Amino acid sequence: MRAYLIQLLYVFTLWFNTVKSVNSVDGPTPVCPFPAQTNKGTGIRQHLNVPDQEQGGMMNQIQTGYYVAVAVLASVCYLNSLGCGFVFDDVSAIKDNRDLRPETPLINLFWNDFWGTPIHKEHSHKSYRPLCVLTFRLNYLISELEPFSYHLINIILHVIVCLLFLGITRRFLPEGASFIATILFAIHPIHTEAVTGVVGRAEILSSVFFLLAFSSYAKATVKVHQTEWPPFLQCILFVTAATLCKEQGITVLGVCGIYEMFIVQKLRLHDLLYVGKTIVASKAQPPPWFWEMMLRLAALVLSALGLLFGRFQVMGAQLPVFTRFDNPAAVATSPARQLTYNYLLSVNAWLLLFPSSLCCDWTMGTIPLVESFIDFRNLATLSLYFCLVMLVWSVFSSDDGHAEVVIMGLALLVLPFLPASNLFFPVGFVVAERILYTPSMGLCLLVGYGWHILMEKIKWKPMLWILLTVLVLSHSLKTIVRNFDWKSEYTLFMAGLKVNKENAKLYNNVGHALEGEGKYKEALAYFLEAVRAQDDDIGAHINVGRTYNNLQRYNEAEESFWKAKALLPRPKSGEPYKARIAPNHLNVFLNLANLISRNKSRLEEADALYRQAISMRADYIQAYINRGDILIKLNRTQEAQEVYERALQFDSSNPDIYYNLGVVYLEQRKATQAMVYFNKALEIDPNHEQALMNSAVLIQESGNTRLRHVAYERLQHLLDKGKTNERVYFNLGMLAMDEKSTAKAEMWFKKAIQIREDFRSALFNLALLLSDSQRPLEAVPFLKQLLKHHTDHVKGLILLGDIYINHMKDLEAAEKCYVKILHMDPNNVQAKHNLCVVYVERGQLALGEQCLQEAASLAPKEEYIQRHLQIVRARLQKSHTANKGSASGSKVVKPKTKHQNTAVPRNLIGTETYHDENNHITSEL
């Protein structure tokens with residue numbers, strides 16, 4: 001309650017400001033046909049009793065101190081945000097945005113939206129902010145995906161905005177009042193989403209150019225009768241830059257127009273009416289100042305039209321697709337839609353005046369629709385409009401400096417907010433705190449002015465200073481505490497649930513945060529709570545199904561997916577279906593198809609679901625990718641190839657499609673073509689993990705010595721990127737074996753085994769390497785570890801038996817190895833032959849002869865078996881009584897070649913198509 005009382009200072013200063021202006025109005029001043037000339041004598045500096053010239057040295061010293069104080073306070077309030085990570089929209093705009101990667105052409109930034117999606121596509125958000133994305137790309141060059149540098153740049157930009165704002169307020173307020181207005185702006189808690197949230201940089205960067213544009217325009221209009229065109233052109237360039245950072249940047253042109261008419265020309269309502277009447281009725285030529293004003297205003301209008309035309313050329317005529325969950329009022333009927341939109345204005349005003357309950361998401365059921373004229377919330381709407389009307393009336397009814405401050409405050413408060421107000425076109429949110437960043441400048445300007453009036457009119461100044469101090473401290477503390485909410489997605493969304501307990505999206509996002517940590521049971525509880533809060537939320541049912549799937553509760557998962565699918569809107573006759581469904585809701589088809597494709601007998605059913613998804617949105621790339629995977633499993637590789645080639649028509653820069661085409665060609669045993677597509681995927685995305693891995697494996701299997709260094713570089717690149725797994729180490733070991741580098745091969749194989757102790761191929765090849773290096777006893781532990789996890793590994797049993805016979809002289813153990821093999825595969829020639837050798841080594845020549853005869857019948861063309869059989873028969877003929885012969889001419893047969901046993905199994909490449917199951921979590925963010 002104390003915080004609310006303190007913050008009532010905002011409202012009181014605005015109220016006192018309005019009452020004072022209305023009570024001081026003496027009535028309209030008589031005007032001549034073009035009256036602006038007569039009003040040039042009075043200005044705000046005279047009204048506020050500020051001399052035009054002060055002591056220069058002291059003034060500069062004070063100003064410097066103010067700038068330093070503002071910079072320090074703005075920095076301190078957000079210093080703890082440096083420890084925050086990427087949360088909420090940061091994930092899509094930063095971590096998942098390919099436009100930040102150096103390999104992406106810079107020109108793509110100007111054809112894609114804020115999230116890296118081509119802006120002409122149906123599922124694009126249509127937010128066009130290439131300059132902001134360019135700064136993200138610079139961050140990526142500096143520190144890649146390390147959040148610290150991103151947050152640091154946001155803080156620096158916020159400090160720059162505060163310093164520029166201090167300069168702007170100094171044009172309208174005395175030094176002390178302008179300092180107070182700037183301090184209130186610098187520490188306002190409503191700004192945490194814009195400053196601490198990385199994607200809020202769009203607002204901050206746009207505000208930098210916004211203020212630079214306005215400052216340039218003020219310089220261009222210093223002379224009423226003459227335009228300084230260099231700063232005017234700078235203004236247009238800054239407006240363009242502001243608009244390319246955030247769409248609301250274009251509204252500075254409106255602010256400049258108001259500044260021109262009401263500050264430069266000092267026109268009032270009665271002046272405007274009289275000028276219009278005179279132009280129509282009089283034949284007199286307007287004075288020079290009028291033409292100069294019209295020239296500047298025309299230039300502003302033409303600039304605005306040019307920017308809008310350019311924007312529509314890039315975006316096209318299609319608006320983004322938003323669901324009723326994003327903005328419920330947008331699909332409501334009249335008068336609920338109009339009443340709700342106007343009520344939301346008062347909600348935003350309340351957040352500016354009383355930023356005590358802040359939330360990162362206000363969609364879904366957070367703010368119920370205002371469906372009736374008798375809804376008591378309409379009183380808030382009427383109160384807001386009453387205050388605005390009173391302020392506007394005070395502007396048009398006053399000829400002193402008061403009007404100039406109020407009108408500029410209102411211009412800064414209202415105009416930057418209009419694009420997000422829903423009054424002209426629907427937007428994808430109900431309330432968004434970060435879009436209040438620039439409008440809050442107008443509020444702080446008005447509050448600073450009201451403070452100045454209170455200090456002049458009220459005697460109990462110490463109490464005012466105490467209240468102001470408490471206000472500054474409480475806002476600063478609130479901002480610092482609020483920054484901690486943005487530390488992680490879990491803390492952010494849990495903080496949101498404390499404010500909005502009926503927002504299903506917040507429950508979903510808490511569930512996503514827990515799901516990302518592998519806490520599936522806890523995540524499920526929040527997803528189910530989201531279904532309770534909004535039982536027709538398609539995304540919530542998808543999340544429930546996916547979590548059941550992670551918990552291996554497959555029947556319940558499938559049931560949830562079918563529920564989600566049933567909630568999809570039905571197509572209407574003659575209306576395109578894709579325009580009526582949110583792109584992320586189509587993920588239900590991917591999730592359901594992925595689930596049922598676990599059952600090989602339902603692959604056709606999964607294929608039908610993918611085809612249905614593609615029919616709803618022809619450019620649904622992920623559906624093409626996953627359908628191709630299904631077709632590969634169905635051994636319909638030609639169809640899979642056609643599906644991927646069709647996907648390339650919609651997105652020719654998608655590395656996953658090229659990678660999967662490589663997989664298709666590999667399935668068709670066309671290794672050369674497969675390598676071409678793997679290389680193409682790496683050309684687009686040099687960090688593509690699957691392409692790096694499998695192209696290296698393909699090179700290694702090909703035995704091409706000239707490309708061996710390429711394979712090594714690609715595997716080493718995976719290690720440098722932190723993509724350490726057993727397969728990387730194993731294939732580095734294989735390359736080292738090819739190069740006869742025993743020590744390196746041993747090192748890589750052991751690293752692979754340390755990660756995965758049951759890694760079949762690494763264990764066997766390490767044992768074979770040690771055996772071939774005359775270190776057979778060192779190979780035994782690895783062979784035993786192999787057979788512990790893979791009891792049916794035939795090659796391992798053969799190699800172990802060889803070591804038992806030739807190096808450990810343990811014939812009984814060797815016999816067990818070969819008997820075990822023959823129990824699994826009675827026709828295994830190597831095991832049969834080596835068992836025969838065991839008999840001969842024991843001196844059981846007759847049994848050895850019989851055994852070799854059986855082996856020869858299994859492989860009549862194997863010359864070494866026939867040779868060994870002749871040796872044994874010769875010894876039998878020579879001496880039936882000699883038992884000490886050891887069949888010295890016979891030996892155990894080892895595995896034929898290491899490559900036959902060590903190559904990565906075909907299925908590692910053949911079936912590893914890119915299957916983006918994690919995509920269903922961020923679309924719901």
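Treat the numbers as computed from the prediction; the structure is a model and nothing was measured.
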A side-chain contact here means heavy atoms from C-beta on lying under 4.5 Å apart; do Met441 and Val161 qualify? yes
Salt bridge check, Arg617 against Asp619: does any charged N sit closer than 4.0 Å to a carboxylate O? yes
Checking Arg201 against Asn154: is there a side-chain donor and acceptor pair closer than 3.5 Å? yes
May I ask you to test the Pro439-Val414 pair for a side-chain heavy-atom distance under 4.5 Å? no
Run the ring pair (Phe, Tyr, Trp, His ring centres under 6.0 Å) test on Tyr507 and Phe493 for me, step by step, so that the C-alpha distance in whole Å, both residues' side-chain angles and the decisive distance to 0.1 Å come before the verdict. CA-CA 8 Å; Tyr507 287 109; Phe493 300 129; over 10 Å; no
With no hydrogens and no angle check, is any side-chain donor or acceptor of Lys505 less than 3.5 Å from a backbone partner on Asp361? no
Close side-chain approach of Val314 and Ile119, heavy atoms under 4.5 Å: yes
Not counting sequence neighbours, which residues clear salt bridge (charged side-chain N to carboxylate O under 4.0 Å, His left out) with Glu517? List them please. Lys519
If we count only N and O atoms by modelled type, under 3.5 Å, do the side chains of Thr479 and Thr192 hold a donor and an acceptor together? no
If you compare all heavy atoms of Tyr343 against all heavy atoms of Ala380, which two are closest, and at what distance to 0.1 Å? CE1-CB, 4.2 Å
Exercise: identify the closest heavy-atom pair between Leu468 and Ile180: CD2-CD1, 3.7 Å
Indicate yes or no for a side-chain donor-acceptor contact from Glu502 to the backbone of Thr366 under 3.5 Å, with no hydrogens or angles considered. no
For the residue pair Thr438 and Phe210, establish whether any side-chain heavy-atom pair is separated by less than 4.5 Å. yes
Do Phe185 and His191 have ring centres separated by under 6.0 Å? yes
Would you say the side-chain atoms of Asn508 pair up with the backbone N or O of Ala504, donor to acceptor, closer than 3.5 Å? yes
Whether Asn342 side chain and Thr381 backbone form a donor-acceptor pair below 3.5 Å: no
What pair of heavy atoms forms the shortest contact from Cys245 to Leu131, and how long is it? SG-CB, 3.7 Å
Could you tell me if the side chain of Ser474 sits less than 4.5 Å from the side chain of Lys478, heavy atoms only? no
Under a 4.0 Å N-O cut-off, is there an ion pair linking Glu247 with Arg311? yes
Please tell me whether His541 and Phe561 form a close aromatic pair, meaning their ring centres lie under 6.0 Å apart. no
Do Leu82 and Leu79 touch side chain to side chain, with heavy atoms closer than 4.5 Å? yes
How many angstroms lie between CG in Leu134 and CG in Leu244, if you round to the nearest 0.5 Å? 10.5 Å
When you measure from the side chain of Asn139 to the backbone of Ser149, do you find a donor-acceptor pair of N or O atoms at a distance under 3.5 Å? yes
One should read off an interatomic distance between Phe589 CZ and Asn594 CG, to the nearest 0.5 angstrom, of 13.5 Å
First locate atom CG of Leu497, then atom CG of Asn500, and finally report the distance between them rounded to the nearest 0.5 Å. 8.5 Å
side-chain contact (heavy atoms from CB on, under 4.5 Å) assessment of Gln534 paired with Asp536: CA-CA 6 Å; Gln534 189 91 38; Asp536 58 351; 3.1 Å; yes
Do the side chain of His188 and the main chain of Tyr437 share a donor and acceptor less than 3.5 angstrom apart? no
Just by distance, do the side chain of Arg101 and the backbone of Asn97 share a donor-acceptor pair under 3.5 Å? yes
Given His512 and Phe527, is the ring pair (Phe, Tyr, Trp, His ring centres under 6.0 Å) satisfied, shown in steps? CA-CA 9 Å; His512 287 315; Phe527 290 142; 5.3 Å; yes
Are any non-hydrogen side-chain atoms of Arg482 and Leu358 less than 4.5 angstrom apart? yes
For Phe86 together with Tyr150, are the ring centres under 6.0 Å from each other? yes
To the nearest 0.5 angstrom, please state how far the CH2 atom of Trp486 sits from the OG1 atom of Thr196. 7.5 Å
List the steps, then state whether side chain to side chain donor-acceptor pair (under 3.5 Å) holds for Asn587 with Tyr620. CA-CA 10 Å; Asn587 287 333; Tyr620 195 8; 2.6 Å; yes
Closest approach of Val159 to Ser75 (non-hydrogen atoms, all atoms of both residues): CG2-OG, 3.3 Å
side-chain contact (heavy atoms from CB on, under 4.5 Å) assessment of Leu412 paired with Phe214: CA-CA 11 Å; Leu412 289 170; Phe214 179 74; over 6 Å; no
Would you compute the distance between atom CG of Asn483 and atom OH of Tyr78 and round it to the nearest 0.5 angstrom? 6.5 Å
Can you measure from CG (Leu157) to OG (Ser206) and round to the nearest 0.5 angstrom? 11.5 Å
Check whether the side chains of Arg546 and Asn549 place a donor and an acceptor atom closer than 3.5 Å, and report yes or no. no
Considering all heavy atoms, the nearest Thr491-Ser488 contact: OG1-O, 2.9 Å
Which heavy atom in Phe165 sits nearest to a heavy atom in Ala181, and how many Å separate them? CE2-O, 3.8 Å
Using modelled atom types and a 3.5 Å cut-off, is there a donor and acceptor pairing between side-chain atoms of Tyr128 and backbone atoms of Phe110? yes
Take Thr135 and Ile153 through the test side-chain contact (heavy atoms from CB on, under 4.5 Å) and record every step on the way to the result. CA-CA 9 Å; Thr135 66; Ile153 295 299; 5.7 Å; no
Quick one, Tyr341 and Val370 - any side-chain contact, counting heavy atoms below 4.5 Å? no
Please answer whether the main-chain N or O of Thr363 pairs with a side-chain N or O of Asn503 as donor and acceptor at a distance below 3.5 Å. yes
Would Lys501 and Leu506 count as a side-chain contact (heavy atoms from CB on, under 4.5 Å) if you check the C-alpha gap in whole Å, the side-chain angles of each, and the deciding distance to 0.1 Å? CA-CA 8 Å; Lys501 299 184 184 299; Leu506 290 174; over 6 Å; no
Carboxylate-amine/guanidinium proximity below 4.0 Å for Asp89 and Arg434: yes
Report the residues that fulfil salt bridge (charged side-chain N to carboxylate O under 4.0 Å, His left out) with Arg377, sequence neighbours left out, ordered by chain and then residue number. Asp375
Go through the side-chain N and O atoms of Asn550 and Glu515 and say whether any donor and acceptor fall under 3.5 Å apart. yes
Any side-chain to backbone donor/acceptor pair from Thr169 onto Leu445? Under 3.5 Å, distance only. no
